Amino acid sequence: MRFIRSIRSIPVPLIALALILGVVGNARAQQRGADASAASQQAAPPAGRGGGARGGRGRGGAFQNLTLTTTAWPDGGMIPLRYTQAGPEVSPAIQWSAAPAGTVSFVLVFHDADTLVNNSTDDLLHWMLWNIPGTATAIAQGRPDGFELEDGTRQISVSGSRYRGPGASATGPIHHYVMELYALDTMLDIKVNPQGPQETNPNVQAIRTSIIQAMVGHIRGKAAYFGLFRRPQ
């Protein structure tokens, strides 16, 4: 009762002032806590990154999508007889966009995605060129035979040292032929020794596997182009 009497004895303006000061003090404390939390979030590194380093790039950070094209057929279109086994089997002219920074060489692979070799996961290799100079932006039509050409480019196919045109049977479905270009930051030390007169062609699939394995960790860019073919009836 004395406590209640003592409160009643305090003037009303003083009680109101005390209440106001208490509310203001509490609001300031809450604001200081919010400011500290925001500062802590700003100082912390973003999720998924370590502080003090640029994460997420590494050797693969410079990868670039390239543009590959040929005037021989439209992308995804039918391949004319001129470039196939049903015609003179001329290798097509091919162009691509400028190389990514650091490109030393290119690899071009042309393969039949609908044909398997020796009951394996390997498809039929129609053309593979590697150590194409990194300054190149095109391959001329009608490339000559030979495992190594004058500019250092090396080539191979199921036919040996030359371009092998599409040859899907007239009695089967249309086949999908894929042309892929890779930009590399290195040259590939893989050679093909010319065979003697009585020797069979080199093991194409083994050479292809060696090239693909040597490319790992050195790819700076890639492009793809497609064509369709089936021999006429």
Side-chain angles (χ1 to χ4, degrees), residues 57-77 79 83-84 89-113 122-166 176-194 201-227:
R57 292 188 63 86
R59 290 179 61 85
F63 180 86
Q64 179 177 324
N65 290 320
L66 306 178
T67 300
L68 178 68
T69 187
T70 176
T71 56
W73 64 83
D75 191 14
I79 301 174
Y83 307 102
T84 74
E89 208 170 14
V90 176
S91 65
I94 302 166
Q95 303 83 36
W96 57 87
S97 56
T103 297
V104 175
S105 70
F106 292 96
V107 172
L108 182 81
V109 189
F110 186 47
H111 54 104
D112 180 354
D122 293 328
D123 57 19
L124 193 64
L125 182 65
H126 282 265
W127 206 22
M128 190 165 197
L129 301 95
W130 66 102
N131 287 353
I132 301 169
T135 55
T137 57
I139 296 173
Q141 178 178 280
R143 297 293 283 173
D145 293 1
F147 289 115
E148 186 163 352
L149 304 179
E150 68 281 354
D151 62 357
T153 298
R154 297 168 185 172
Q155 66 178 350
I156 197 170
S157 72
V158 291
S159 294
S161 60
R162 66 177 181 87
Y163 168 80
R164 171 73 174 266
H176 298 74
Y177 293 86
V178 185
M179 186 180 294
E180 297 171 299
L181 180 78
Y182 296 87
L184 308 182
D185 63 6
T186 187
M187 302 291 282
L188 302 180
D189 188 21
I190 297 173
K191 298 189 68 172
V192 182
N193 296 321
N201 285 338
N203 187 330
V204 175
Q205 294 305 126
I207 295 170
R208 178 183 182 180
T209 299
S210 297
I211 293 170
I212 296 299
Q213 290 175 343
M215 290 166 55
V216 174
H218 296 285
I219 299 173
R220 289 291 164 268
K222 182 186 177 183
Y225 200 85
F226 298 85

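For the numbers below, each heavy atom of this structure counts, side chains included, while hydrogens, waters and symmetry mates do not. Predicted model, so just to flag it, every value in this text is computed and none were measured.
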Counting only pairs under 3.5 Å, give me each side-chain donor-acceptor contact of residues 90-100, with atom names and distances, residues two or more places apart or in other chains.
from, atom 1, to, atom 2, distance (Å)
S91, OG, G142, N, 3.1
S91, OG, R143, N, 2.8
W96, NE1, A136, O, 3.0
S97, OG, T67, N, 3.0

Nearest-0.5 Å distance, CH2 of residue W130 to NZ of residue K191: 10.5 Å
Closest approach of A223 to L68 (non-hydrogen atoms, all atoms of both residues): CB-CB, 3.6 Å
Side chains of D112 and D123 in contact at under 4.5 Å (non-hydrogen atoms): no
Partner residues of F110 under the ring pair (Phe, Tyr, Trp, His ring centres under 6.0 Å) criterion, sequence neighbours left out: none
W73 side chain to Y83 backbone, donor-acceptor under 3.5 Å: no
Between CE on residue M179 and OG1 on residue T69, distance to nearest 0.5 Å: 9.5 Å
Any donor-acceptor pair under 3.5 Å from H126 side chain to R164 backbone: yes
Spacing of I190 atom CD1 and I156 atom CD1 [to the nearest 0.5 Å]: 10.5 Å
Heavy-atom donor-acceptor pair, N131 side chain to L188 backbone, under 3.5 Å: yes
Y182 and I212, any side-chain heavy atoms less than 4.5 Å apart: no
Sequence-distant partners of H176, side chain to side chain donor-acceptor pair (under 3.5 Å), two or more places apart: D114
Spatial distance of atom CE (M128) from atom OH (Y163) [nearest 0.5 Å]: 16.0 Å
Sequence neighbours excluded - side chain to side chain donor-acceptor pair (under 3.5 Å) pairs with any residue from residues 149-158: W127-Q155, D151-T153
Closest non-hydrogen atom pair between V192 and P202, with its separation: CG1-CG, 3.6 Å
Within-4.5 Å side-chain heavy-atom neighbours: V107 and L129: no
Gap between atom CD1 of I139 and atom CG of L108 - 0.5 Å precision: 5.0 Å
Distance in Å, I211 CD1 paired with M215 CE, rounded so as to fall on 0.5 Å steps: 8.5 Å
Test ring pair (Phe, Tyr, Trp, His ring centres under 6.0 Å) applied to F147 - qualifying residues, sequence neighbours left out: none
Closest non-hydrogen atom pair, V104 against T186: CB-N, 3.6 Å
Minimum heavy-atom distance between F226 and D75, given as atom pair plus value: N-OD1, 2.9 Å
Sequence-distant partners of Q205, side chain to side chain contact (heavy atoms under 4.5 Å, CB included), two or more places apart: V117, D122, L125, N203, R208
P166 to I79 - nearest heavy-atom pair and separation: CG-CD1, 3.9 Å
